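Following: one structure in structure tokens, then a few remarks.
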Amino acid sequence: MKTKDLVFMALLVGLGAILHLAVPGIYLGMKPDFSLIMLFIGILLFPEKKHVLLLSLATGIISGMTTNFPNGFFPNFFEKPITGFIYFGLFLLLKKKRTPLVNGILTAAGTIVSGFVFLSLALLLVGLPGPFAALFTSVVLPTAAFNTAAVLIIEPLVRTVGKRSNLITLAD
């Protein structure tokens with residue numbers, strides 16, 4: 001792993017944490033999961049297993065420490081690597097068809113997987129503050145829509161900044 005890759009990935013994780021803490025809840029208390037958005041962008045920019053593992057673990061720890069969900073550290077910590085590798089697998093399946101639309105579809109699918117895994121783990125480990133189906137439809141699905149739009153806007157900006165600063169070199 002190159003040092004500049006580690007620096008850029010750390011910047012993504014840190015930016016995700018700052019945005020996660022700074023942005024208030026916008027819909028029924030739902031906060032956009034900027035940590036998840038930055039995890040997905042990191043995977044799009046650095047699609048290697050070792051990078052996915054590092055990004056997922058760092059994001060899981062930071063998300064767990066900054067969550068508003070009661071006792072949400074462990075569900076976040078375990079959910080991010082699961083989500084990261086599922087997203088990475090989907091990315092590899094669709095690698096030849098990379099377009100902004102495909103990135104949006106990947107993000108929507110990844111967010112839905114993330115929400116399902118998080119709620120399932122929370123249900124098993126700490127309990128839920130409401131019915132699973134109600135939380136899924138009222139929080140996860142709107143978050144998936146928001147995350148999809150955010151990745152479509154933020155990813156090209158992050159890619160451009162990374163290229164201009166010589167922190168990332170991409171063949172595509």
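Everything quoted here is computed from the prediction, not taken from an experiment.
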From [atom1] ([X]) to [atom2] ([Y]), nearest 0.5 Å:
| X | Y | atom1 | atom2 | value |
| --- | --- | --- | --- | --- |
| Leu15 | His20 | CG | NE2 | 13.0 Å |
| Arg159 | Ile154 | CZ | CD1 | 14.0 Å |
| Lys50 | Leu55 | NZ | CG | 12.5 Å |
| Leu53 | Glu48 | CG | CD | 12.5 Å |
| Asp33 | Phe146 | CG | CZ | 10.5 Å |
| Ile86 | Ser56 | CD1 | OG | 10.5 Å |

Does CZ in Phe74 sit with more than 12 non-hydrogen atoms of other residues, nucleotides or ligands closer than 6.0 Å? no
Is it the case that one hydrophobic cluster holds both [X] and [Y], taking links as side-chain heavy atoms less than 4.5 Å apart, direct or via other members?
| X | Y | answer |
| --- | --- | --- |
| Val139 | Leu124 | no |
| Leu44 | Val161 | no |
| Phe136 | Leu123 | yes |
| Ile105 | Ile153 | no |
| Met65 | Leu12 | yes |

Can you name the nearest heavy-atom pair linking [X] to [Y], along with the distance?
| X | Y | answer |
| --- | --- | --- |
| Ile62 | Ala17 | CG2-CB, 3.2 Å |
| Asn76 | Ser63 | OD1-CB, 3.6 Å |
| Ala134 | Ser138 | O-OG, 2.6 Å |
| Lys80 | Leu39 | O-CD2, 4.1 Å |
| Pro129 | Leu135 | CD-CD1, 4.1 Å |
| Ala150 | Ile37 | CB-CD1, 3.6 Å |

Is the closest side-chain heavy-atom distance between [X] and [Y] below 4.5 Å?
| X | Y | answer |
| --- | --- | --- |
| Leu57 | Pro81 | yes |
| Met38 | Ile41 | yes |
| Leu54 | Met9 | yes |
| Ser120 | Phe132 | yes |
| Thr143 | Ser114 | no |
| Val126 | Phe69 | yes |
| Phe73 | Thr67 | no |
| Phe116 | Ile82 | no |

Test: salt bridge (charged side-chain N to carboxylate O under 4.0 Å, His left out). Region: residues 1-18. Which pairs qualify, not counting sequence neighbours? none
Kindly state each residue pair satisfying ring-ring contact (aromatic ring centres under 6.0 Å, His included) with at least one member in residues 78-111, sequence neighbours excluded.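 Residue pairs with at least one partner in residues 78-111: Phe40-Tyr87.
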Between Asn147 and Thr107, is any side-chain donor less than 3.5 angstrom from a side-chain acceptor? no
When you look at Thr3 and Val7, which way does the side-chain contact (heavy atoms from CB on, under 4.5 Å) test go after all the steps? CA-CA 6 Å; Thr3 303; Val7 167; 4.3 Å; yes
